[in-house]
Amino acid sequence: MSRHAKKLRDHDINPCLAETDATTKCMNDNNYNKDMCTDYFLKYRNCRKFWHGIMMQRKRSGVKPEMPSAEERKKILESMGKPY
């Protein structure tokens, strides 16, 4: 596995790992028919938008690291409910 692929599988780097896996599984299960996986694509896109917004907010506030760790993200989601 390449270094880039390993980074994408890291829970601290990729906040939407579960959505990525669900989308991939749907595509595999439905013979790569994108029409059958529209809901999964939307969940993934909403997840990326949500965490990008959090990251930009933290960057503007000078918070490091800009992307919260997996543990911080879990607390954020528990406090908000799953917003996506």
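On a predicted model such as this, the values are computed, not experimentally measured, just so you know. Heavy atoms only: backbone and side chains are in, while hydrogens, waters and symmetry mates are out.
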**Item:** Considering all heavy atoms, the nearest Ala70-Asp12 contact
**Value:**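 Reported closest heavy-atom pair: N-OD1, 2.8 Å.
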**Request:** Looking only at non-hydrogen atoms, find the nearest pair between Cys47 and Pro15 and report the distance.
**Result:**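 That closest heavy-atom pairing would be SG-O, 4.0 Å.
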Let me have the donor-acceptor pairs involving side chains of residues 27-38, under 3.5 Å, with sequence neighbours excluded, atom names and distances please.
{"from": "Asn28", "atom 1": "OD1", "to": "Tyr32", "atom 2": "OH", "distance (Å)": "2.4"}
{"from": "Asn28", "atom 1": "ND2", "to": "Thr24", "atom 2": "O", "distance (Å)": "3.4"}
{"from": "Asp29", "atom 1": "OD2", "to": "Lys25", "atom 2": "NZ", "distance (Å)": "2.6"}
{"from": "Asn30", "atom 1": "ND2", "to": "Cys26", "atom 2": "O", "distance (Å)": "3.0"}
{"from": "Asn33", "atom 1": "OD1", "to": "Asp35", "atom 2": "N", "distance (Å)": "3.1"}
{"from": "Thr38", "atom 1": "OG1", "to": "Asp35", "atom 2": "O", "distance (Å)": "3.2"}

**Residues in side-chain contact (heavy atoms from CB on, under 4.5 Å) contact with Ser2, at least two apart in sequence or another chain** =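 With neighbours one apart ignored, the set is His4, Ala5.
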**Message:** With side-chain hydrogen bond (donor to acceptor under 3.5 Å, both in side chains) as the rule and sequence neighbours excluded, what pairs involving residues 39-50 come up?
**Reply:**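 Pairs touching residues 39-50 that pass the test: none.
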**Asked** Can you pull the salt bridge (charged side-chain N to carboxylate O under 4.0 Å, His left out) pairs that have at least one residue in residues 74-84, sequence neighbours excluded?
**Response**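 Every salt bridge (charged side-chain N to carboxylate O under 4.0 Å, His left out) pair that includes a residue of residues 74-84, provided the two are not neighbours, is Glu19-Lys82.
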For residues 51-62, tabulate all N or O donor-acceptor pairs below 3.5 Å that involve a side-chain atom, not counting sequence neighbours.
{"from": "Trp51", "atom 1": "NE1", "to": "Tyr84", "atom 2": "OH", "distance (Å)": "3.2"}
{"from": "Arg58", "atom 1": "NE", "to": "Pro65", "atom 2": "O", "distance (Å)": "3.2"}
{"from": "Arg58", "atom 1": "NE", "to": "Glu66", "atom 2": "O", "distance (Å)": "3.0"}
{"from": "Arg58", "atom 1": "NH1", "to": "Glu72", "atom 2": "OE2", "distance (Å)": "3.4"}
{"from": "Arg58", "atom 1": "NH2", "to": "Pro65", "atom 2": "O", "distance (Å)": "2.6"}
{"from": "Ser61", "atom 1": "OG", "to": "Gln57", "atom 2": "O", "distance (Å)": "3.0"}

**Non-neighbouring partners of Asp21 that pass salt bridge (Lys or Arg N to Asp or Glu O under 4.0 Å), sequence neighbours left out** =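 So Asp21 forms a salt bridge (Lys or Arg N to Asp or Glu O under 4.0 Å) with Arg9.
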**Item:** Single-linkage hydrophobic cluster, 4.5 Å side-chain cutoff, Met80 and Val63 together
**Value:**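 Cluster IDs for Met80 and Val63 differ.
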